Amino acid sequence: MSTGYVQRPERVAVIGVGILGASVGWNLSRHGAEVVFIDAGQPGEGVTNWSFSWVNASNKTERQTYFDLNVAGMAAYRELAEIIGPDSWWHPSGHLRWAGDPAAEAKLLETADLLASWDYKVEVCTGAEVRRRLEPALTVPDKTPVLFYPDEAWVHGRHLVGRLVGRAVACGAEHRPGTAVCDIGLSADGSIRTVTLSDGSCLDVDAVVNAAGPSASRVAGLISRRLPMRREPGAVTRIGCARVPVHRAMHAPHIEIRPDGDASVVLHSREIDALIDTGENPAELARLLHESAKHVVPELGNSLIAGTRVAQRPIPADGFPSVGAVPFVPGYYEAVSHSGITLGPVIGRLLASEILSGKREEMLADFRPERFPQP
């Protein structure tokens with residue numbers, strides 16, 4: 001089936017240069033399209049840089065097609081690391097998860113059984129085994145069941161975005177950081193014609209990719225498209241460490257912890273996210289995250305808070321990605337999703353293929369933008 005826009009575009013504006021925009025733009029550029037990256041900030045420094053950045057499908061079991069898309073995302077990362085080199089961005093060290101009470105523990109083990117039935121690799125260890133084999137700095141009790149997902153990973157999103165944009169620019173792409181899109185102009189037939197930027201310039205383009213993350217609804221509004229989004233803020237804290245005491249991403253009771261390179265650790269907690277709307281300031285959120293982390297990794301008690309950001313998660317209203325063409329505006333495409341870190345490379349490949357060929361990718365069938373009715 002056609003997208004309704006079968007002419008191969010010559011010049012594509014990619015609005016938003018986080019992991020999704022960078023992935024789409026790089027794939028377009030390496031297949032010969034002329035790409036213009038447009039971002040109000042700097043590449044990878046928005047939500048991508050303030051994300052837990054965990055590559056997984058174990059947390060995506062609510063719909064089989066969504067799980068399958070995330071599994072494909074994991075495979076796309078392994079391919080990407082071979083193509084562009086793993087460097088400082090790729091950390092395929094697995095993921096640990098355990099619970100703090102019997103009900104939550106039972107639910108985790110039930111999910112592990114489901115994942116195993118879907119041929120997803122999971123090992124059930126004890127706390128003692130985890131400390132001996134994987135993470136000696138943890139305080140997890142000896143007999144507590146701990147799930148180890150060996151194929152999962154974490155990604156340094158800002159480094160990866162920089163690498164992809166650099167590669168695209170080497171292929172001829174143009175990069176316009178620090179410029180917002182103010183308007184999208186349409187031709188007489190309703191197709192994409194121009195984008196006007198905050199610096200006053202107006203670019204002739206054949207297609208637009210809306211990968212604007214938390215601003216995606218505003219960008220969609222420029223073509224009178226309604227893209228409903230959830231309001232779901234999240235707080236992420238980085239703490240500086242003389243020695244990073246953990247080796248992989250983990251979900252402990254009340255806190256998520258992962259390394260972030262040689263001298264820092266990233267912390268996040270959905271429980272603490274729930275305090276954002278109660279008016280807690282970022283410094284207090286950071287203190288609470290640090291306190292929770294010290295209970296799991298006591299060595300983090302000597303570390304200092306380096307930075308905290310409250311970011312809006314780019315989540316379409318039903319929780320699933322919005323990816324593909326919007327039929328009533330030929331040349332307009334969306335790449336908007338939570339779990340952008342996991343899905344970036346696979347969405348980048350699939351959407352670039354759709355844009356260049358005009359043929360729909362079956363893996364995206366459940367995530368089409370047209371599922372959101374227009375007023």
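The structure displayed is predicted, hence computed values, not measured ones.
Under the 3.5 Å distance criterion, with hydrogens and angles disregarded, no donor-acceptor pair is assigned to the side chains of Lys359 and Ser353. Asp366 and Tyr66 share no donor-acceptor pair across their side chains, judged by distance under 3.5 Å alone. For the 3.5 Å distance criterion, the side chains of His254 and Ser292 fail to qualify, holding no donor opposite an acceptor. Ser201 and Arg176 form a side-chain donor-acceptor contact under 3.5 Å, judged by distance and modelled atom types alone. Of the N and O atoms on the side chains of Thr308 and Thr237, at least one donor lies less than 3.5 Å from an acceptor on the other residue.
Between His175 and Phe37, the ring planes lie perpendicular to each other; the angle is over 60°, past the 30° to 60° tilted range. Trp54 and Phe52 have perpendicular rings, their planes meeting at more than 60° on a 0 to 90° scale where under 30° would count as parallel.
For the pair Thr126 and Asp142, the minimum side-chain heavy-atom distance is 4.5 Å or more. A 4.5 Å side-chain heavy-atom check between Leu109 and Thr111 finds every atom pair outside the cut-off. Annotation: side chain of Ser264 is not in contact with side chain of Val266 (no heavy-atom distance under 4.5 Å). With contacts defined as side-chain heavy-atom distances shorter than 4.5 Å, the pair Glu123/Pro150 qualifies. Residues Asp318 and Phe372 form a side-chain contact, since some pair of their non-hydrogen atoms from C-beta on lies under 4.5 Å apart. Looking at His295 and Pro253, their side chains never come closer than 4.5 Å, going by heavy atoms from C-beta outward. Side-chain contact between Arg248 and Arg258 is absent, with no heavy-atom pair separated by less than 4.5 Å.
Within 6.0 Å of CD in Gln374 there are more than 12 heavy atoms belonging to other residues, nucleotides or ligands. By the 6.0 Å contact criterion, CG on Asp262 is open, its count of non-hydrogen atoms from other residues, nucleotides or ligands being 12 or less.
Of the residues listed (Ile38, Val219, Ile355, Val35), the one engaging Val209 in a side-chain contact (heavy atoms from CB on, under 4.5 Å) is Ile355, and it is the only one. Results of the side-chain contact (heavy atoms from CB on, under 4.5 Å) test with Lys60 over Leu343, Thr342, Asp68, Leu115 single out Thr342 as the only residue that passes.
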Residue pair His91, Trp154: steps toward the ring pair (Phe, Tyr, Trp, His ring centres under 6.0 Å) verdict: CA-CA 5 Å; His91 300 271; Trp154 69 270; 3.8 Å; yes
Pair His95-His251, ring pair (Phe, Tyr, Trp, His ring centres under 6.0 Å): steps then yes or no: CA-CA 8 Å; His95 169 253; His251 279 63; 4.9 Å; yes
Intermediate values then yes/no, salt bridge (Lys or Arg N to Asp or Glu O under 4.0 Å), Glu354 and Arg360: CA-CA 6 Å; Glu354 287 198 351; Arg360 288 185 175 229; over 6 Å; no
Residues Glu256, Ser269; criterion side chain to side chain donor-acceptor pair (under 3.5 Å); working and verdict: CA-CA 6 Å; Glu256 303 163 22; Ser269 166; over 6 Å; no
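Taking CZ of Arg63 as the start and CG of Leu69 as the end, the distance is 11.0 Å to the nearest 0.5 Å. To the nearest 0.5 Å, the span separating CD on Glu110 from CG on Leu114 amounts to 8.0 Å. Considering CG of Leu356 and CG of Leu28, their distance stands at 5.0 Å, rounded to 0.5 Å. Interatomic distance, Arg97 CZ to Asn56 CG, rounded to the nearest 0.5 Å: 8.0 Å. Note that NE2 of His268 is 11.0 Å distant from OG of Ser53, once rounded to the nearest 0.5 Å. The structure places CZ of Arg309 at 7.5 Å from CG of Asn49, a figure rounded to the nearest 0.5 Å.
A salt bridge links Arg243 with Glu299: at least one charged nitrogen is closer than 4.0 Å to a carboxylate oxygen. Salt-bridge annotation for Arg163 and Asp87: present, with a side-chain N of the basic residue lying under 4.0 Å from a carboxylate O of the acidic one. Arg78 and Asp151 are not joined by a salt bridge, as no carboxylate oxygen comes within less than 4.0 angstrom of a charged side-chain nitrogen. A salt bridge links Arg349 with Glu79: the distance from a Lys NZ or Arg NE/NH1/NH2 to an Asp or Glu carboxylate oxygen falls below 4.0 Å. The pair Glu34-Arg11 meets the salt-bridge criterion, with a side-chain N (NZ, NE, NH1 or NH2) lying under 4.0 Å from an Asp/Glu carboxylate O.
Tyr77 contributes a side-chain N or O that, together with a main-chain N or O of Ile341, makes up a donor-acceptor pair within less than 3.5 Å.
Annotation: cation-pi geometry satisfied between Arg238 and Trp50 (NZ/CZ under 6.0 angstrom from ring centroid, within 45° of ring axis).
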